[in-house]
**Student:** 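Supplied in structure tokens, the structure appears directly below.
Order of the sequence lines fixes the chain letters, A, B, ..., with proteins taken first and strands second; residue numbering starts at 1 for each chain.
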Amino acid sequence: MPPPRLVLPPPAVDPGGGLRRSYLRLVALSSTLRHLDQLLAVSLASGHYALDPAPATALLLRYSSLRAPPRHLLRLFRAFPRPDRFLRNALLRSLPSLRPHLLFPSPDSFSFAFAATSLSSSCSSRGNDAAAARTLHGLSVAAGYASDTFVASALAKLYFKLSRVHDARKVFDAVPSPDTILWNTLLAGLPGSEALDAFVRMVEAGRARPDSTTLASSLRAAAEASHMAMGRCVHGYGVKCGLAEHEHVVTGLMSLYSKCGDMDSAQFLFDRMEDPDLVAYNALISGYSVNGMVESSVELFKELAASGWRPNSSTLVAVIPVYSPFGHELLAQCLHAFVVKVRLDADALVSTAMTTLYCRLNDMESARSIFDAMPEKTMESWNAMISGYAQNGLTEMAVALFQLMQELNVQPNPTTISSTLSACAQLGALSLGKWVHRIITKENLELNVYVMTALIDMYVKCGSIAEARSIFDRMDNKNVVSWNAMISGYGLHGQGAEALKLYKGMLDACILPTSSTFLSVLYACSHGGLVDEGQKVFRVMTNEYRISPGIEHCTCMVDILGRAGKLNEALDLISEFPQSAIGPGVWGALLSACTVHKNSDLAKLASQKLFELDSENAGYYVLLCNLYTSKKHYSEAAVVRQEAKNRKLVKTPGCTLIEIGDKPHVFMAADRFHPQSEAIYSYLEKLTAKMIEAGYQPVTEAALYDVEEEEKEHMVKVHSEKLAIAFGLLSTEPGTEIRIIKNLRVCLDCHNATKFISKVTQRLIVVRDASRFHHFRDGVCSCGDYW
DNA sequence: TTAGGGTTAG
């Protein structure tokens with residue numbers, strides 16, 4: 001139902017306009033809504049200003065600044081039969097959501113600037129706001145304001161707020177000669193390193209003079225990018241232009257220095273400030289806290305309280321790191337006491353900081369309860385919670401929370417998407433990953449480097465290496481992480497040669513390889529059996545790039561040599577490693593190589609080291625036991641098994657996941673819980689017969705000699721991957737590829753069996769096990785039986 | 001009578 005129209009009496013005469021001026025003054029002085037209502041009533045009753053939009057504009061703006069409901073503003077506006085552009089613009093400035101029809105007829109640059117500003121001050125992350133921003137942008141371009149600096153900075157800020165960096169840049173680029181404020185808008189919205197690039201371009205262009213705001217933003221960017229050299233340049237520039245003493249610039253410098261651990265410089269700057277404000281205090285307190293200077297942090301906090309400033313939520317966030325070592329409960333108590341003492345409202349900032357902290361402490365329940373208690377969740381709080389789940393391995397929870405966001409029509413930003421994709425990658429759930437990809441496309445969400453790289457990683461880990469590569473090839477500006485993701489993807493899928501080719505391509509593109517790059521390449525060499533290449537890359541890394549090998553590089557090297565049977569060379573190499581790099585991983589790699597090459601002497605040495613370093617891991621006992629069994633050293637095998645039993649070590653039960661359509665199905669060894677269990681087992685029997693016809697030999701009883709009765713029974717049981725594959729074959733059309741995910745490494749018999757299955761059924765079978773991918777096609781596995 | 005940008009903290 002439309003709101004009722006106010007009935008206006010005819011206008012009265014006001015010679016000279018004296019009455020009008022006093023009326024406008026009264027409006028400006030009103031401090032309550034009731035006061036304004038009375039003024040409105042007076043003017044209506046007397047018949048003044050019925051057709052005069054100026055007093056109405058003043059009233060409307062005053063109502064708006066006193067937070068009158070939008071309904072009320074609209075009603076006032078509609079009471080005027082002939083609103084002029086000032087009145088229309090005032091309404092645009094005051095309404096929280098865009099009403100495009102209010103722009104017409106003949107919108108001016110004020111209209112667009114007002115509308116954009118009001119949208120960005122009210123926009124949450126609802127999906128509709130992005131659409132409204134695009135509408136507004138389109139209309140402003142159509143009206144000829146694409147190069148207006150005022151409109152552009154308001155629009156750019158709006159896009160930044162909606163996490164649409166591309167669109168903000170587009171707005172900026174459309175302006176031929178940006179002024180200082182437009183540059184500043186860009187600098188404030190861009191992520192650290194990009195903002196620093198923009199600062200350089202601004203200075204080089206030389207058409208707009210940087211001011212204190214420019215420098216403050218650039219220092220923020222330098223701190224974010226941990227780019228001390230650029231930070232010093234900005235500082236120097238500030239000194240040259242006489243802007244270095246500006247309060248915001250000094251605060252930015254303090255934060256830069258404390259980010260880089262130089263608390264002396266930060267403190268020096270603070271001490272020189274004549275009258276430091278709350279932000280400056282917060283910056284220094286935070287610097288002390290994150291650098292572990294607890295006493296200084298607390299001292300300065302006391303000084304702050306004594307100086308008359310009232311701490312705000314940023315102050316609280318700045319001291320949180322000081323309290324964090326006390327553990328969860330004490331932390332909560334300390335913070336509560338803090339909040340009570342300074343009569344502080346714990347707002348979204350504090351809740352998000354607490355959520356992040358609990359996530360870091362691995363206490364996901366506390367994190368979630370704080371998150372759930374937030375009445376208005378911010379983008380940052382959603383992201384903190386989702387990435388907390390993803391990083392703590394609670395991948396299903398991460399995806400579930402993302403689904404909740406979708407249901408609530410909260411638009412995700414690139415950070416949300418990256419975290420969710422990382423959860424999908426860990427899960428290996430291709431259908432979920434594709435669903436997220438579809439959302440990106442459908443909602444036209446921003447595809448930045450982080451999102452594209454997360455997509456590559458997701459497709460790699462969900463088994464679609466081809467899809468990952470096609471995304472990689474479509475990327476305009478790949479960073480080193482994107483290259484690493486793709487290289488390690490080839491490694492994971494056993495395509496060592498492709499990985500090396502890409503590594504060379506990366507060097508040709510003048511991208512500086514990092515420690516992770518070398519790890520990915522070495523990993524690819526190990527999974528592809530490329531021994532010489534691996535050794536060469538390792539030498540290049542240490543000699544040419546001066547990167548000292550970490551635990552994982554060393555483990556990879558032992559793996560590479562060990563798999564090739566060069567066990568003694570591997571042992572020699574271990575003695576050359578830095579002591580810090582020799583952990584369970586290195587000896588574990590040697591032990592698995594020993595079991596493959598049946599060297600029980602070295603295996604004994606490796607396992608002795610392992611039992612010292614990591615005595616609680618059942619996997620090593622299993623490896624050693626299997627080695628002894630295969631060499632028919634049954635008594636030694638029995639000793640190892642008894643030892644494992646004495647220590648009450650339990651093997652992780654194996655399970656396998658397969659997705660049919662969008663539905664996941666999980667199988668355990670020998671389980672009969674699946675509703676189609678009967679059909680699966682009878683199909684598997686028929687299949688085994690065909691496989692045996694083709695030459696398959698199941699693990700024979702002889703190999704199981706000496707296994708205790710109970711275990712023997714267990715070992716002849718059907719492993720979970722066979723069940724999953726059989727179910728997959730039953731439930732899909734001939735020719736469809738089968739993808740399964742196993743939580744442990746695939747066993748010898750299953751690996752062999754899968755080769756035969758791929759041959760007799762003519763299907764491509766992709767298996768992701770705990771360490772890599774196997775692509776089985778026509779009786780051959782991509783790993784070359786080398787895993 | 002009506003514009004656009006900033007420092008700390010998640």
**Student:** Checking contacts here: which listed nucleotide (dT2(B), dG6(B), dT8(B)) is nearest the side-chain heavy atoms of His246(A)?
**Tutor:**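 The answer is dG6(B), which lies nearest to the side chain.
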**Student:** dG4(B), dT8(B), dA3(B): which one has an atom nearest the side-chain heavy atoms of Asp148(A)?
**Tutor:**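 For Asp148(A), the side-chain atoms sit closest to dA3(B).
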**Student:** Rounded to the nearest Å, what distance is computed from the CE atom of residue Met202(A) to the P atom of nucleotide dG6(B)?
**Tutor:**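 Between P of dG6(B) and CE of Met202(A): 14 Å.
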**Student:** Considering every strand and a 4.0 Å limit on heavy-atom distances, what is the contact class for Val317(A): base, sugar-phosphate, or nothing?
**Tutor:**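 Answer is sugar-phosphate: Val317(A) comes under 4.0 Å of backbone atoms only.
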**Student:** Once you apply a heavy-atom cut-off of 4.0 Å, does Ser109(A) come out as touching a base, just sugar-phosphate, or nothing?
**Tutor:**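 Here Ser109(A) touches the bases of the nucleic acid.
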**Student:** Atom CG of Leu24(A) and atom P of dT2(B): how far apart are they, to the nearest Å?
**Tutor:**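 The distance from CG of Leu24(A) to P of dT2(B) comes to 12 Å, rounded to the nearest Å.
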**Student:** Using a distance-only test with no angle check, is there a side-chain donor-acceptor pair under 3.5 angstrom linking Tyr159(A) and His166(A)?
**Tutor:**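 The answer is no; no qualifying pair exists.
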**Student:** Report which part of the nucleic acid Thr149(A) touches: base, sugar-phosphate, or nothing (heavy-atom distance under 4.0 Å, all strands).
**Tutor:**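 Base contact.
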**Student:** Would you state whether a donor and an acceptor, one from the side chain of Arg220(A) and one from the base of dT8(B), lie under 3.5 Å apart?
**Tutor:**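 Answer is no: no donor-acceptor pair is held.
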**Student:** Going by the angle between their ring planes, with limits at 30° and 60°, are His72(A) and Tyr63(A) parallel, tilted or perpendicular?
**Tutor:**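 Tilted, since the angle between the ring planes falls between 30° and 60°.
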**Student:** Answer with yes or no whether Asp179(A) presents, from its side chain, a donor or acceptor under 3.5 Å of a partner atom in the base of dG4(B).
**Tutor:**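 Looking at the base of dG4(B), it does pair with a donor or acceptor on the side chain of Asp179(A) (distance under 3.5 Å).
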**Student:** Measure from CH2 on Trp309(A) to P on dT7(B) and round the result to the nearest Å.
**Tutor:**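 These atoms are roughly 16 Å apart.
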**Student:** Could you state the atom-to-atom distance from CZ of Arg93(A) to P of dT1(B) in whole Å?
**Tutor:**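 Rounded to the whole Å, the gap is 15 Å.
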**Student:** Kindly say whether the aromatic ring centers of Phe402(A) and Trp382(A) come within a distance under 6.0 Å.
**Tutor:**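 They do not qualify: ring centres at least 6.0 Å apart.
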**Student:** Tell me the interatomic distance from Leu278(A), atom CG, to dT8(B), atom C1', rounded to whole angstroms.
**Tutor:**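 Distance, rounded to whole Å: 8 Å.
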**Student:** Please verify the inter-ring angle class for Tyr145(A) with Phe112(A); under 30° counts as parallel, over 60° as perpendicular, anything in between as tilted.
**Tutor:**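 Geometry flag for Phe112(A) against Tyr145(A): tilted rings.
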**Student:** When you get a sec, tell me which of dT8(B), dG6(B), dG4(B) is the closest nucleotide to the side chain of His248(A)?
**Tutor:**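 The nucleotide sitting nearest to the side chain is dG6(B).
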**Student:** Which nucleotide wins on minimum distance to the side chain of Ala54(A), given the candidates dT8(B), dT1(B), dA3(B)?
**Tutor:**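 So the side chain of Ala54(A) is nearest to dT1(B).
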**Student:** Please classify the nucleic acid contact of Asn383(A) as base, sugar-phosphate, or nothing, using heavy-atom distances under 4.0 Å.
**Tutor:**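 Here Asn383(A) touches no strand at all.
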**Student:** Please work out if Ser212(A) contacts a base, only the sugar-phosphate, or nothing of the nucleic acid, heavy-atom cut-off 4.0 Å.
**Tutor:**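 It contacts base atoms.
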**Student:** Have Tyr288(A) and Gln267(A) got a donor and an acceptor in their side chains that come within less than 3.5 Å?
**Tutor:**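 Short answer, yes.
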**Student:** For Phe110(A) and dT2(B), do the ring centres fall under 5.5 Å apart while the planes stay under 30° apart?
**Tutor:**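 Stacked: centres under 5.5 Å apart, planes under 30°.
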**Student:** For Asn282(A) and dG10(B), what is the distance between atoms CG and C1' respectively, to the nearest whole Å?
**Tutor:**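 To the nearest whole Å, that distance equals 13 Å.
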**Student:** Applying a 4.0 Å non-hydrogen cut-off, can you work out what Ala188(A) is touching in the nucleic acid: base, sugar-phosphate, or nothing?
**Tutor:**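 Ala188(A): backbone/sugar contact only, no base atoms under 4.0 Å.
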**Student:** Atom CG of Leu91(A) and atom C1' of dT1(B): how far apart are they, to the nearest Å?
**Tutor:**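 In whole Å, dT1(B) C1' lies 16 Å from Leu91(A) CG.
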**Student:** Do Ser217(A) and dG6(B) share a donor-acceptor pair, side chain to base, under 3.5 Å?
**Tutor:**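 No such pair is found, so the answer is no.
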**Student:** Figure out the CD1/C1' separation between Ile181(A) and dA3(B), and round it to whole Å.
**Tutor:**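 Answer to the nearest Å: 10 Å.
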**Student:** Decide whether Thr180(A) and Asp211(A) meet the rule of one side-chain donor and one side-chain acceptor closer than 3.5 Å.
**Tutor:**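 Thr180(A) vs Asp211(A): no donor-acceptor pair found between side chains.
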